[in-house]
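Quick notes on the structure that follows.
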There are 2 protein chains.
Amino acid sequence: MNPLTSKLEHFVRLSSEDKAALDRLASEQMRGFGPHTDIVHEGQPPKVLRLMLSGWACRYKLLEDGRRQIVGLFLPGDFCDLSIFILREMDHSIAAITDVTLAQISAETFNEIAFAQPRIMYALWWESLVREAIQREWIVSLGRRDTDERIAHLFCELFIRMRSVGLTSGCSIDLPMTQSELSDIVGVSAVHVNRTLQALRASGLVILKGKTLTIPNLNALMDAAQFNTNYLHLDHEGAHLDATNG
Amino acid sequence: MNPLTSKLEHFVRLSSEDKAALDRLASEQMRGFGPHTDIVHEGQPPKVLRLMLSGWACRYKLLEDGRRQIVGLFLPGDFCDLSIFILREMDHSIAAITDVTLAQISAETFNEIAFAQPRIMYALWWESLVREAIQREWIVSLGRRDTDERIAHLFCELFIRMRSVGLTSGCSIDLPMTQSELSDIVGVSAVHVNRTLQALRASGLVILKGKTLTIPNLNALMDAAQFNTNYLHLDHEGAHLDATNG
DNA sequence: CGGTATATTGATTACAGTCAATAAAAGTGG
DNA sequence: CCACTTTTATTGACTGTAATCAATATACCG
């Protein structure tokens, strides 16, 4: 299934017309990007709406001396920029982490669908509120969690986000980042990430082999990270907007 | 002038009807909160839309062992929660820092105004995108800036945000936070905040007296913080939506 | 004016950064 | 498929920044 549809159904039950509309969004002009290439640069005007279909990408900001911070991750089913109609220029850049395919949706198509299908508009609003909540949680991690907790917390989040779009296999997900990229998320040096990962492995909470992350006991990892799922709001919160037997 | 109106006019020129509608929002049921009291708790359902009229407030999250991280600041003219229609429960708490007065806006009033005045709807959308951008910038600070830079950057942001709602006097703003609250924003210990503030004072970049922050040379402080205003998007970006000579 | 909250200081400890070297893995071309 | 190159991961030694603990000073409040 379309990963966007999977995800939005955690919020609200969609009618078959809703789903058809989402499939139409996901089949708009497709475009591919290779790993480690920029999709949009800071300073550019946001022109199209981008929807991730496969692969991983990230938002990041650079400081003058080369320090880099990743401020968000895009997984399949995520929108990259809902600011097209509003903001003049990007205040950050977006880069592919792996091979990425995305749908580039024009303002017209988007407007057409959003206005014809109000449930979809609500679902997209929900998506942007969740994105905001994720950013808040990242702020908490960077400000007040130590490195073990940061990484454990991130792994919980990624596992659950991947599961919500149907991309887990058992207790495992693909984790296609280098340790250096991970360090730009959790705000420590790459060397320290390496050591922390070793500690996490030694504790048995995670298994990392190649580009695969396995979490043998999700509850144990969630405990270690003091992870509370509430901020992902995956609990069918828009039930009052459900399609009447779509 | 209504601080909300001041702020939104950085995005788009409003008609007199728009302004009247905003004044109506700002005069909805008023409510006061004393310093250090909670306005909403994590876990509660968001029931009304809150608009800050005066004072300072913050969003925060607590960890089990008492560590606290402030994940956002509310200044006059800011909305506290635009999630009323969507999310079932708050994933964080909101507390007053100073004496706070806010308008509590019902869903009905809000809908009425938002639908009658599309420019206002766009302006509120802009506000929420800016809030998201501010969160990203906080992530960058916590992840990749050292403590001097974090505080300098925060002070620049606060000065400019206060200026956008007409609350500066010359080079000064009210800064009604304790060092301990500041430490919960920048993610270090209160002792370390104290030492860093002394260094900033010694460098002449800021003057802190009582609860007043004075920035004698904003450009110098912005340089020190590598502060780029772009993320606040105050540059009349919605010009194409302007009222035609309202 | 006393009492509480906030700010400041010093001494010590712990966590994380840096630098540099080596090992392992992944990608490339013949 | 192998040899070679490049990237990524791992390790150790050393340094530096910030946390913690505890004491004292100052400011604020009724």
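So that the names make sense, note that chain A is the first sequence line, chain B the second, and so on, each numbered from 1.
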Heavy-atom side-chain proximity of V100(B) to M52(B) below 4.5 angstrom: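 Yes, side chains in contact.
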
Contact check, side chains of E181(A) and R68(A), non-hydrogen atoms, under 4.5 Å: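 Yes, at least one pair of side-chain atoms sits under 4.5 Å.
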
Residue met sooner reading DNA chain C from 5', once G210(A) and R150(A) are mapped to nucleotides: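 On the 5' side of the pair lies R150(A).
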
Residue whose closest nucleotide on DNA chain C lies nearer the 5' end, M177(B) versus R144(B):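 Per heavy-atom nearest nucleotide, the more 5' residue is M177(B).
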
Please report, rounded to the nearest Å, how far the [atom2] atom of [N] is from the [atom1] atom of [X].
X: D99(A); N: dG27(C); atom1: CG; atom2: C1'; value: 14 Å
X: D146(A); N: dA19(D); atom1: CG; atom2: C1'; value: 12 Å
X: R195(B); N: dT17(D); atom1: CZ; atom2: C1'; value: 12 Å
X: L182(B); N: dT6(C); atom1: CG; atom2: C1'; value: 13 Å
X: L197(B); N: dA7(C); atom1: CG; atom2: P; value: 9 Å
X: D148(B); N: dA18(D); atom1: CG; atom2: C1'; value: 12 Å
X: E181(B); N: dA5(C); atom1: CD; atom2: P; value: 14 Å
X: H192(A); N: dC19(C); atom1: NE2; atom2: C1'; value: 17 Å

Would you classify [X] as touching base, sugar-phosphate or nothing, given that sugar-phosphate means primed atoms plus P, OP1 and OP2, and contacts are heavy atoms under 4.0 Å?
X: R145(B); answer: nothing
X: S189(B); answer: base
X: R67(A); answer: nothing

Residue whose nearest DNA chain D nucleotide is more 5′ - A190(B) or K211(A):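 Result of the comparison: K211(A).
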
Nucleotide nearest N194(A) (side chain, heavy atoms from C-beta), chosen from dA7(C), dA9(D), dT20(D):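 Of the candidates, dA9(D) comes closest.
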
Evaluation steps, side chain to side chain donor-acceptor pair (under 3.5 Å), between W138(B) and Q135(A): CA-CA 9 Å; W138(B) 284 30; Q135(A) 287 186 349; over 6 Å; no

Geometric class of the H153(B)/F227(B) ring pair [parallel <30°, tilted 30-60°, perpendicular >60°]: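 Answer is tilted, since the angle falls between 30° and 60°.
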
Atom of P3(B), atom of L53(B) and distance for their closest heavy-atom approach: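 Closest pair (atom of P3(B), atom of L53(B), distance): CG-O, 4.1 Å.
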
N/O (side chain, Q179(A)) to phosphate O (OP1/OP2, dT7(D)) under 4.0 Å: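 For dT7(D), neither OP1 nor OP2 has a side-chain N or O of Q179(A) closer than 4.0 Å.
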
Under 4.0 angstrom between T147(B) side-chain N/O and dT17(D) OP1 or OP2: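 For dT17(D), neither OP1 nor OP2 has a side-chain N or O of T147(B) closer than 4.0 Å.
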
